[in-house]
Amino acid sequence: MTPEHDELLVSKFPEIYKNRHAPSTETAMCWGFDVGDGWFSILYMLSAALSSLDDIPVAFQVKEKFGGLRFYYDGGNFKEVNALVEVAERAAWVTCEECGKPGKLRKGGWLMTLCDECDEERNQ
């Protein structure tokens, strides 16, 4: 994710990403958002929904794994938070991680959810 999108999420949702710049001994958020910019809007919508909860969770890692979005957190009401995270993770399975267009899981050296154009670019 670009530094601009990273900073926007952190500044707009400081409760959720309060450990963004904490040391690696405390959180994996020190590495930033380990996803492409195509999932920025999914993360923004998830963060907005999470920040409206009475008990706001704290993210400790946001990354891509096996072509899907993974959002790991501490705190919050498990049922409420998990339901919102599941919606975001499902949305990522059909959204190109690179550009945000409709996508699907692509095989290759690395599993990625990509649109036709980004997959073609990756394979050149």
Checking [X] side chain against [Y] main chain: does a donor-acceptor pair fall under 3.5 Å?
X	Y	value
N19	A22	no
W93	L105	no
Q61	M29	no
N82	F78	no
R106	L111	no

> Do the non-hydrogen side-chain atoms of L69 and V35 ever get within less than 4.5 Å of each other?
Replying inline: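 A side-chain contact under 4.5 Å exists here.
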
First locate atom [atom1] of [X], then atom [atom2] of [Y], and finally report the distance between them rounded to the nearest 0.5 Å.
X	Y	atom1	atom2	value
C96	E117	SG	CD	8.5 Å
E98	T113	CD	OG1	10.5 Å
M1	L8	CE	CG	9.5 Å
I16	K18	CD1	NZ	11.0 Å
D37	E4	CG	CD	8.5 Å
I56	E80	CD1	CD	11.0 Å

>> Between the side chains of R70 and D34, is the shortest nitrogen-to-carboxylate-oxygen separation below 4.0 Å, so that they form an ion pair?
In response: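 No, this pair does not count.
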
So, for [X] and [Y], which heavy atoms are closest and what is the spacing to 0.1 Å?
X	Y	answer
P14	S11	CD-O, 3.5 Å
R122	K107	NH2-O, 3.0 Å
S24	W31	CB-CZ2, 3.9 Å
P102	C115	O-CB, 3.2 Å
L9	Y44	CD2-CA, 3.8 Å

> Between F33 and F40, does the ring centre distance come in under 6.0 Å?
Replying inline: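 Not close enough - the centres of the two rings lie 6.0 Å or further apart.
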
If you count every heavy atom of other residues, nucleotides or ligands that lies below 6.0 Å from [X] atom [atom1], does the total exceed 12?
X	atom1	value
K63	NZ	yes
E121	CD	no
D54	CG	no

> Is there a path from L114 to I42 through hydrophobic residues (I, L, V, M, F, W, Y) whose side chains come within less than 4.5 Å of each other?
Replying inline: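 No, it is not one cluster - the side chains of L114 and I42 are not joined through contacts under 4.5 Å.
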
>> Test of understanding: clusters of I, L, V, M, F, W, Y form through side-chain heavy atoms closer than 4.5 Å, transitively. Do L50 and Y73 belong to the same one?
In response: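 Yes.
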
> Going by atom types alone, do W110 and E64 pair a side-chain donor with an acceptor below 3.5 Å?
Replying inline: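 Side-chain D/A pair, W110 to E64: present.
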
> So, S47 and Y17: side-chain donor and acceptor under 3.5 Å apart, yes or no?
Replying inline: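 Present: a donor and an acceptor within the cut-off.
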
>> Once you measure the plane-to-plane angle for F60 and Y72, does it fall in the parallel (<30°), tilted (30-60°) or perpendicular (>60°) bin?
In response: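 Parallel: the ring planes of F60 and Y72 meet at under 30°.
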
